[in-house]
Amino acid sequence: MIQPLFKDIIVLVTGSESSINAVKYAIIMAKQYNCHVHAVYVVDTATINQLTLNKIFIEEESKEYEQSLEATGKRFLSYVETIGTEKDVKIETELRRGAVWTETLTAAKEKEADLILIGDTESHHKASRDIVSITVNSIILHAHCSVLLVKNEDVGQLYKLLD
């Protein structure tokens with residue numbers, strides 16, 4: 001008997017609309033394929049540390065920015081749990097610290113994920129698109145499992161149609 005392709009899914013939550021679409025896609029998959037969903041938000045302390053070392057941030061600014069990102073991450077993870085609950089899908093959430101791509105891959109390994117879902121990078125603003133692209137490329141290159149870039153703009157409509 002063939003085993004299911006997806007048993008455990010990791011979704012990278014960045015706070016962008018595209019990452020929320022990726023979460024909704026994961027919820028749809030969980031309903032259709034009976035798989036577990038794990039959402040990860042990473043406070044990018046690696047970039048903050050680099051900015052501090054390069055004297056772009058002073059120590060106090062770094063701490064404030066890190067606290068702001070942590071608060072933002074907690075809000076988004078709470079929202080992710082809520083939209084999962086609306087569709088009777090339990091989403092395990094986790095706030096991590098470090099480089100986004102390495103922490104995403106570490107979470108995927110720890111959860112023995114079969115798939116990593118990432119929101120479409122094209123929907124980001126030009127200024128952040130390069131950083132996001134580097135992160136996505138690093139995840140794709142180093143992942144131990146499949147990676148799916150969610151580009152479907154109709155995910156919101158499909159999510160609404162779920163029972």
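The basis for the numbers below is simple: all heavy atoms, side chains too, and nothing from hydrogens, waters or symmetry mates. When a residue number appears, it is its place in the shown sequence, counting from 1. Here the structure is a predicted model, which is why all the values come from computation and not from measurement.
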Check: [Y] and [X] side chains under 4.5 Å, non-hydrogen atoms:
X: Y79; Y: I20; result: yes
X: L105; Y: I116; result: yes
X: I118; Y: I139; result: yes
X: I9; Y: H36; result: no
X: L12; Y: Y41; result: no
X: V23; Y: L117; result: no
X: L95; Y: T93; result: no

Step by step, work out the side chain to side chain contact (heavy atoms under 4.5 Å, CB included) result for N137 and T135. CA-CA 5 Å; N137 286 337; T135 299; over 6 Å; no

In short, side chain to side chain donor-acceptor pair (under 3.5 Å) pairs touching residues 98-109 with sequence neighbours left out are R96-E103

Under 4.0 Å between a Lys/Arg side-chain N and an Asp/Glu carboxylate O for K151 and D120? yes

Is any side-chain N of the basic residue among K111 and E92 closer than 4.0 Å to the acidic one's carboxylate O? yes

Verify, without hydrogens or angle tests, whether [X] (side chain) and [Y] (backbone) share a donor-acceptor contact under 3.5 angstrom.
X: D154; Y: Q157; result: no
X: D114; Y: D8; result: yes
X: T45; Y: G98; result: yes
X: Y65; Y: E60; result: no
X: S19; Y: S16; result: yes

Over 12 foreign heavy atoms within 6.0 Å of [atom1], [X]:
X: Y159; atom1: OH; value: yes
X: K7; atom1: NZ; value: no
X: E61; atom1: CD; value: yes

Residues L162, I28; criterion side chain to side chain contact (heavy atoms under 4.5 Å, CB included); working and verdict: CA-CA 7 Å; L162 280 179; I28 294 166; 3.8 Å; yes

Step by step, work out the side chain to side chain contact (heavy atoms under 4.5 Å, CB included) result for I91 and V89. CA-CA 6 Å; I91 300 177; V89 173; 4.2 Å; yes

Measure the OG-CD1 distance between S133 and I140 for me, rounded to the nearest 0.5 Å. 9.5 Å

Do you know the tightest heavy-atom contact between A107 and E94? CB-OE1, 4.4 Å

Heavy-atom pair of closest approach, residues I10 and A113: CG1-CB, 3.5 Å

Determine, stepwise, if the pair I83 / I27 fulfils side chain to side chain contact (heavy atoms under 4.5 Å, CB included). CA-CA 9 Å; I83 64 174; I27 292 167; 3.9 Å; yes

Pair S78, R75 - check side-chain hydrogen bond (donor to acceptor under 3.5 Å, both in side chains), show working. CA-CA 5 Å; S78 176; R75 275 194 311 277; over 6 Å; no

According to salt bridge (charged side-chain N to carboxylate O under 4.0 Å, His left out), does anything in residues 76-88 pair up with another residue at least two apart or in another chain? List the pairs. none

